[in-house]
Amino acid sequence: MNRSHYNGTLRLSNQGEAVELIGWVSKKRNFGAMNFIDLRDRTGIVQLVFDESFNAQLKDVRQEYLLHVKGLVEERKDKNPQLPTGEIEIVVKEFEIVNSSKVTPIIIADETDALEDTRMKYRYLDLRRPVMQKNLIMRSKIVQSLREFLDHHDFTEIETPVLGRSTPEGARDFLVPSRVHPGTFYALPQSPQLYKQLLMISGFERYYQFARCFRDEDLRADRQTDFTQLDIETSFLDENQILSMMEDMLKKLMKDVKGIDIPTPFLRMTWNEAMDKYGSDKPDNRFGMELQDFTNLFEHSEFVPFKNTIENKGVIKGIVVEDFAPSNKEIKNLTSDARKYGANGLVVFKYKDGALSGSAVKSLSQEELDALVAASNVQDGGAILMISDAWLKACNALGSLRNDIASLKGLKNKDEFSFLWVVDFPMFEWSETENRWVSQHHPFTMPKREDIPLLDTNPGEVKTNAYDCVLNGYELGGGSLRIYEQDLQDKIFEVLGFTPEQTQEKFGFFIDAFQYGTPPHGGLAFGLDRIAMILAGTDSIRDVIAFPKNASARDPMSEAPNTVDDVQLDELELAICIDDKQRDMLTAIQAGNVPVQLSNGETIQVSLDEIRQWKESQN
RNA sequence: GGUCCAAUGGCGCAAUUGGUUAGCGUACCUCCCUGUCACGGAGGGGGUUGCGGGUUCGAGUCCCGUUUGGACCGCCA
């Protein structure tokens with residue numbers, strides 16, 4: 001099929017040209033003797049005009065029919081400034097229907113009214129919408145720009161396996177049963193972390209990969225089970241060199257894709273600062289409302305929540321919201337949000353005509369109230385939201401409220417791009433559930449040289465050469481320098497509470513590799529989907545992924561995940577245990593040689609014959 | 001694992017809070033119209049309200065269960 005031009009590219013300069021076009025009928029407008037059709041391809045829309053000789057043929061043409069058209073480009077009588085092609089139209093000489101279309105279940109236009117679930121079900125039609133095409137084309141440009149930069153900086157693109165070994169720590173693995181070795185499993189990579197470090201040991205020096213990664217955790221609007229990371233690792237560069245190279249890469253990206261010059265170097269703030277000032281390790285600094293510390297104002301307060309907090313060495317922090325007078329109901333909602341975010345409660349003051357009001361006013365002295373007004377610098381018509389709790393809890397909860405209120409008040413400007421680095425992350429965090437220190441990043445993260453003595457005395461205070469790249473309150477990516485000395489690595493495992501045997505069991509091949517001249521190295525990974533999401537100006541990661549999963553990890557179109565044939569299960573020597581009743585039956589069969597994972601996580605041994613018998617007994 | 005919200009023609013919503021034949025927009029079909037571009041005008045077809053049970057003279061509306069979807073917390077970098 002011949003085509004001379006793409007529809008969206010035609011301009012007044014093409015006037016008089018004979019063109020041959022292909023496209024879908026986006027809209028048909030009929031005027032008795034006269035007909036217009038908006039013909040759409042991936043580049044845009046152009047208007048076709050037909051005289052009355054086509055009336056009979058056009059009767060058969062409906063929305064989303066695919067047409068092949070020959071005609072002449074002419075200047076329009078009435079131009080449409082809304083369309084890039086609005087100055088011209090195609091006077092059709094002849095056309096054919098290439099293919100017909102059923103009536104589509106959703107309207108194929110940017111302003112479709114279909115809900116996301118319906119769009120997912122007919123994703124192939126949803127992706128015909130110009131805005132979706134624009135998003136995916138932009139995503140492709142992003143990849144192109146990043147690849148260009150890395151290729152020009154002597155990086156080698158290397159693929160690592162999708163079927164790998166399950167590693168403990170971090171997110172839950174997706175498991176793939178091995179047919180060749182029944183009872184064993186591959187794991188899909190959460191990231192190519194170990195492989196990329198091994199590639200440094202191999203001497204590649206600079207590696208990158210657009211890597212599909214998998215995490216079997218619950219989804220969110222900005223989180224998918226399988227997603228794409230730009231994975232990067234380098235040897236011999238220090239933290240500063242890595243960050244500034246990445247800044248150059250992102251600067252080029254913003255220029256290539258958005259045509260925007262962003263200033264470098266990016267703002268750098270320590271994790272402590274970010275938590276203290278923004279209550280988040282991925283601060284959005286496009287707006288103010290920074291967290292303030294009011295602890296010293298209330299050291300002798302009689303107000304019970306404050307008094308308790310002071311006694312427990314906690315902090316009293318707050319944010320000031322301008323032009324904010326929440327109703328009692330809104331205050332109630334804010335308070336329950338604060339509880340949701342882990343705080344004990346929320347104290348709200350409204351400031352109007354030189355006086356604070358709010359339920360806590362009567363419990364505080366006039367001196368304390370005056371001091372609060374002065375210290376917070378609250379303006380008339382504003383409000384102060386305060387939380388008293390342990391430092392991290394108070395910061396986290398206030399940071400989340402700060403975010404919510406900014407969204408509510410429309411303070412997040414989608415056209416502003418604020419990049420920054422959060423650095424010096426803590427090495428460990430205390431796990432209440434496991435009652436031990438766990439890695440905040442991963443156990444190969446390099447602790448700050450000066451903090452190494454603290455590993456013995458106060459692990460919670462050890463900071464690392466780990467860094468996160470943050471854009472508009474989203475974590476774009478993160479990474480670290482890695483440990484390359486055996487002694488230090490052993491020490492970290494010791495703090496994490498692993499015995500040498502456990503370490504060998506969990507990370508054996510990886511630890512062994514480190515004994516062969518490992519170079520100092522470090523790297524990071526960027527979430528490609530999130531980058532695309534923010535640059536496309538959407539709130540949902542699903543708008544920049546061609547075929548995403550919904551919030552419950554399903555694909556409404558293909559209906560994955562699905563059940564499989566018994567034959568397939570038999571080949572894998574797997575059986576499915578649905579509920580307690582069936583589990584009891586299996587247990588009753590007793591003994592055997594096939595491990596069966598029960599729905600409660602417990603594993604029992606059963607023979608295949610026994611399972612077959614049990615299945616028959618079920619029928 | 002938890003909390004909250006929703007489910008009504010193809011699609012998106014409404015139904016005066018338990019009361020006549022479930023309504024609107026859009027899409028669809030037919031006809032009219034030579035400059036529209038969210039074209040306009042006239043007419044038409046299409047739903048028994050996710051599923052199961054209950055309360056009631058009467059249920060889209062109330063209750064219980066269930067399924068599906070969404071937001072968030074936990075989880076996840």
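For the numbers below, each heavy atom of this structure counts, side chains included, while hydrogens, waters and symmetry mates do not. First the proteins, then the strands, lettered A, B, ... as listed; each starts at 1.
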Sort out the partner of [N] for me: Watson-Crick or G-U wobble, both distances under 3.5 Å, none otherwise.
| N | answer |
| --- | --- |
| B:U55 | none |
| B:G69 | B:C5 |
| B:U26 | B:G10 |

Of all the choices, [options], which nucleotide is nearest to the side chain of [X] once you look at every atom?
| X | options | answer |
| --- | --- | --- |
| A:Tyr341 | B:U36, B:C11, B:C73 | B:C73 |
| A:Phe31 | B:A77, B:C37, B:C33 | B:C33 |
| A:Lys27 | B:G35, B:A77, B:A38 | B:A38 |
| A:Leu115 | B:U34, B:C13, B:G10 | B:C13 |
| A:Met34 | B:G35, B:C73, B:C37 | B:G35 |
| A:Gln47 | B:A71, B:A77, B:U36 | B:U36 |
| A:Lys59 | B:C31, B:C37, B:C72 | B:C31 |
| A:Arg29 | B:G35, B:U34, B:C37 | B:C37 |
| A:Asn80 | B:C37, B:C11, B:A77 | B:C37 |

Look at [X] and [N] and indicate whether a side-chain polar atom (N or O) is within less than 4.0 Å of OP1 or OP2.
| X | N | result |
| --- | --- | --- |
| A:Thr118 | B:G12 | yes |
| A:Arg339 | B:C73 | no |
| A:Arg220 | B:A71 | no |

Measuring only the [atom1] atom in each nucleotide, how far is [N] from [M]? A whole number of Å is fine.
| N | M | atom1 | answer |
| --- | --- | --- | --- |
| B:C62 | B:U8 | P | 15 Å |
| B:U49 | B:C75 | P | 42 Å |
| B:U55 | B:G46 | C1' | 33 Å |

Identify whether NZ of Lys or CZ of Arg in A:Arg42 sits under 6.0 Å from the centre of the six-membered ring of A:Tyr6 and within 45° of that ring's axis.
->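 Geometry flag: set, cation within 6.0 Å and 45°.
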Checking A:Lys28 against A:Phe36: charged group under 6.0 Å from the ring centre and within 45 degrees of the axis?
->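 No.
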Any donor-acceptor pair under 3.5 Å joining the side chain of [X] to the base of [N]?
| X | N | result |
| --- | --- | --- |
| A:Arg76 | B:C37 | yes |
| A:Arg172 | B:G1 | no |
| A:Asn30 | B:C39 | no |
| A:Glu217 | B:G74 | no |
| A:Asp218 | B:G74 | yes |
| A:Arg223 | B:C76 | yes |

Do A:Arg268 and A:Glu273 pass the salt bridge (charged side-chain N to carboxylate O under 4.0 Å, His left out) test, and can you show the C-alpha distance, the side-chain angles, and the key distance before you say yes or no?
-> CA-CA 10 Å; A:Arg268 291 181 198 179; A:Glu273 231 178 295; over 6 Å; no
Does a side-chain heavy-atom distance below 4.5 Å link A:Leu188 with A:Asp173?
->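 Side chain of A:Leu188 against side chain of A:Asp173, heavy atoms only: no contact under 4.5 Å found.
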Between A:Arg215 and A:Ala551, name the one whose nearest nucleotide on RNA chain B is closer to the 5' end.
->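 Comparing both residues, the 5'-ward one is A:Ala551.
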Could you say whether A:Ile106 or A:Gln63 is positioned toward the 5' end of RNA chain B, judged by the nucleotide with the nearest heavy atom to each?
->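 Between the two, 5'-proximity favours A:Ile106.
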Heavy atoms of other groups near A:Asn328 CG, more than 12 under 6.0 Å |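 No, because the 6.0 Å sphere around CG of A:Asn328 holds 12 heavy atoms or fewer from other groups.
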Give the ring-plane orientation class for A:Phe95 versus A:Phe50, where under 30° counts as parallel, over 60° as perpendicular and anything between as tilted.
->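 Judged by the thresholds at 30° and 60°, the geometry between A:Phe95 and A:Phe50 is perpendicular.
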Spacing between A:Leu83 atom CG and B:U36 atom P, to the nearest angstrom |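 Rounded to the whole Å, the gap is 14 Å.
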